[in-house]
Amino acid sequence: MYRATEIGSEETLPALAELAQADFEADIERNQLRQRKSLPNYGVAPIQIRMEYKYPRAVYFILATKFFEAFAANGIRTILALYLRDDLNFTESFSTIVLHIFNFFGQFCPIFGAVLADSYLGNIRTISGFCFIYAFGWLLLTMTSLPDVGVPLTLIVSISLLLIAIGNGSIRACITSLGALQFKMPEQAVHLAEYFSFYYFVYYFGIFLSKILPPLVRANTQCFEKTQCYLAVFGTLGSAFLLAWVTFLIGKCFYKPEKISNDNILFKFFGCIKTALVEKWRRRNSVKRSNYWLKNAIGPYDHRFVHDVSKVLRLSKLFIPLPFYFALLAQQDSSWTFQASMMNTTVLGVTIEPDQAKAIGPIFLFMLIPLWQYVTSPLLRRVFNWELKPLHSVTAGGICSAGAFFCAGILQDRIMNSPNQSINIAWQMPQFLLLMLGELLLSIPGLQFAFTQAPASMKSVVTAAWFLNNAFGNLIVVLVTEFDVLSSQKAEYFFYAVCMLVFIIVFALLAFDYALQERKVRYAALTEIVEAEDECRNERDEDCPSTSRSVSI
């Protein structure tokens with residue numbers, strides 16, 4: 001469960017924390033019930049034994065590690081596009097491609113980190129090992145900002161960014177799980193929920209600072225006869241990573257020993273699919289072939305596991321349109337930053353850097369989340385007796401994201417038809433507000449729905465599939481930019497907006513079909529239970545199960 005919580009999306013930790021807390025509270029109630037049944041009853045209520053567990057000190061080191069690491073990793077994303085364009089003189093298209101390939105590997109590699117940590121090395125050793133790769137990447141990237149390196153810059157930049165992406169992604173897959181494992185369950189369920197909330201705040205506060213401080217350092221330092229010093233920026237970010245590494249190493253004195261599983265559910269999941277396909281081909285002319293292709297795996301895999309795989313595949317079909325949403329979300333660090341560089345960046349008498357403008361995104365999200373959770377949602381429930389369902393919320397979030405790119409396209413048109421840097425950067429605020437509203441309505445409910453719908457044995461697979469949406473979203477941006485079939489940046493913004501609307505309509509249709517199929521599955525299961533009970537009663541068996549009890553289970 002801890003791994004599933006992490007692999008999904010760190011922005012959705014509060015939603016999953018509520019689920020974790022509910023599960024653990026249920027476990028506590030069941031344990032208390034068993035204790036009461038096991039104690040002899042002498043007409044006196046049993047004495048309640050309450051044990052207090054201290055908040056694990058190891059968690060403080062993990063949270064500090066995550067803060068510094070999030071600041072370093074997101075700091076490079078903040079300034080990378082302008083560094084490639086302005087300092088290394090690459091084109092905007094090439095800079096955009098490099099940034100999104102970097103993001104792709106950063107979002108794809110957590111799966112490998114999760115596999116290594118769960119089945120082979122454990123979280124602590126996995127983090128320790130990838131920190132060396134991470135550090136070497138920072139060292140190489142810092143070298144690119146030095147004059148006369150003597151090595152082709154394109155090659156060394158590519159290698160350094162790849163190493164940073166691998167290190168960042170693989171560590172991200174382990175830090176949250178390591179923190180969750182420090183708590184004793186189910187006794188510390190409340191502390192675990194608090195940990196997820198703290199983790200979320202620390203993570204996003206690191207992101208917020210990463211969009212403010214690195215551009216500030218770059219703009220206010222000079223080196224090698226350049227007005228902007230990227231060496232100072234990389235030194236700052238590299239130092240933040242070094243602090244994260246040292247903090248993590250100090251915390252090793254307090255981390256609990258880990259139990260490593262020898263059975264990885266991801267490998268087992270894909271093995272089941274492979275077996276089903278192979279057996280379907282072998283039985284293509286045989287009467288033993290099952291009508292549903294996945295049932296051909298029954299035998300090597302038990303019936304329950306095959307059913308769980310089928311459930312996951314139905315859920316995964318819902319994810320097909322969603323990478324396009326993440327393609328929109330990822331462009332805050334690329335095309336929207338380039339757009340900001342063409343605008344007047346003085347707001348209320350204060351001049352900001354173009355890559356600092358996107359800090360408004362986390363600020364909006366900090367305001368929107370409590371407003372939605374504690375004001376809007378309760379008000380809708382109390383006044384209108386209505387609650388936005390997760391699949392409906394995802395659809396609404398996709399529409400908001402499309403609206404953000406319509407706003408970006410309109411703004412780009414105004415920029416193109418006005419004198420240079422005459423449009424104030426404050427006009428980017430509506431598109432950031434809509435994009436963050438899309439984040440609130442789509443990412444959190446979407447992963448929460450996927451996590452709760454997934455079978456207990458398959459939650460890590462489902463959340464891994466969700467996590468891959470972000471990686472493939474960055475790949476979409478790379479392909480669109482590389483093919484360069486659109487005439488202007490304005491046309492590209494409108495292209496993304498229209499495509500987002502089309503894909504969210506496709507998602508709505510898939511969601512309707514999913515809900516219909518789930519009702520059929522539940523009806524079939526209920527029918528099977530009723531028939532079994534009727535058959536049992538006809539045989540006058542006193543141990544027949546209760547229908548109501550079976551259905552509730």
Side-chain angles (χ1 to χ4, degrees), residues 4 6-12 73-74 77 80-81 93 96-115 161-162 164-166 168-170 172-173 266 269-270 273 312-336 394-395 397-398 401-402 404-405 435 438-439 442-447 449-451 454 460-486 492 495-511 514:
E6 164 53 24
I7 293 180
S9 172
E10 290 167 331
E11 288 81 350
T12 61
N74 289 279
R77 292 184 176 95
L80 182 59
S93 296
T96 299
I97 290 171
V98 171
L99 172 63
H100 289 287
I101 290 177
F102 172 73
N103 287 340
F104 172 80
F105 281 103
Q107 301 293 342
F108 193 81
C109 288
I111 296 177
F112 300 110
V115 170
L161 291 177
L162 178 63
I164 291 174
I166 292 173
N168 168 240
S170 302
R172 182 189 306 174
L266 284 172
F269 172 80
F270 288 112
I273 294 176
V312 169
L313 292 179
R314 291 199 303 273
L315 276 171
S316 299
K317 189 168 71 171
L318 283 174
F319 299 165
I320 294 174
L322 296 183
F324 215 91
Y325 159 74
F326 290 97
L328 272 61
L329 191 67
Q331 293 188 61
Q332 299 174 81
D333 292 323
S334 56
S335 64
W336 284 18
V394 170
T395 303
S401 302
F405 269 70
L435 192 65
E439 172 84 347
L442 194 153
S443 288
I444 295 177
L447 181 58
F449 175 81
F451 190 84
S460 61
V461 177
V462 171
T463 45
W466 178 273
F467 197 85
L468 287 177
N469 286 328
N470 203 323
F472 289 122
N474 282 277
L475 193 58
I476 289 173
V477 180
V478 171
L479 295 176
V480 171
T481 306
E482 177 64 24
F483 288 134
D484 194 24
V485 295
L486 299 169
E492 192 170 302
F495 167 78
Y496 280 110
V498 172
C499 287
M500 185 69 247
L501 287 178
V502 172
F503 277 99
I504 207 63
I505 291 172
V506 173
F507 172 83
L509 295 175
L510 291 174
Y514 175 83

Legend entry - Whether over 12 other heavy atoms sit under 6.0 Å from F105 CZ: no
Inset, instruction - With side-chain contact (heavy atoms from CB on, under 4.5 Å) as the test, would you mind laying out the steps for F324 and V502 before giving the verdict? - result: CA-CA 10 Å; F324 215 91; V502 172; over 6 Å; no
Inset, instruction - Looking only at non-hydrogen atoms, find the nearest pair between Q107 and R172 and report the distance. - result: OE1-NH1, 3.2 Å
Inset, instruction - Grab the two heavy atoms, one from L510 and one from K317, that are nearest each other, plus how far apart they are. - result: CD1-O, 3.4 Å
Inset, instruction - Looking only at non-hydrogen atoms, find the nearest pair between A327 and G473 and report the distance. - result: CB-O, 3.2 Å
Inset, instruction - List the steps, then state whether side-chain contact (heavy atoms from CB on, under 4.5 Å) holds for V394 with L318. - result: CA-CA 11 Å; V394 170; L318 283 174; over 6 Å; no
Legend entry - Nearest heavy atoms of F503 and P321, plus distance in Å: O-CB, 3.2 Å
Inset, instruction - Please round to the nearest 0.5 Å and tell me the distance separating atom CZ of F104 and atom SG of C109. - result: 8.5 Å
Inset, instruction - State the OH-CD1 distance between Y496 and I476, to the nearest 0.5 angstrom. - result: 8.0 Å
Legend entry - Side chains of I101 and L161 in contact at under 4.5 Å (non-hydrogen atoms): no
Inset, instruction - With rounding to the nearest 0.5 Å, note down the distance linking CD1 in I320 to CZ in F507. - result: 11.5 Å
Legend entry - Non-hydrogen atoms of A330 and N474 that approach each other most closely: CB-OD1, 3.3 Å
Legend entry - Student check: side-chain heavy atoms of F449 and L315 closer than 4.5 Å: yes
Legend entry - T96 and V477: CA distance, side-chain angles, deciding distance, side-chain contact (heavy atoms from CB on, under 4.5 Å) verdict: CA-CA 8 Å; T96 299; V477 180; 4.1 Å; yes
Inset, instruction - Can you measure from CD (Q331) to CD (E492) and round to the nearest 0.5 angstrom? - result: 6.0 Å
Inset, instruction - Nearest 0.5 Å please: distance from the CD1 atom of I273 over to the CG atom of L313. - result: 4.5 Å
Legend entry - 4.5 Å side-chain heavy-atom contact, F405 and V498: no
Legend entry - F102 side chain reached by R77 side chain, heavy atoms, under 4.5 Å: yes
Inset, instruction - Indicate the atoms forming the closest heavy-atom contact of S334 with L99, along with that distance. - result: CB-CD2, 3.6 Å
Legend entry - Distance in Å, S401 OG paired with L501 CG, rounded so as to fall on 0.5 Å steps: 10.0 Å
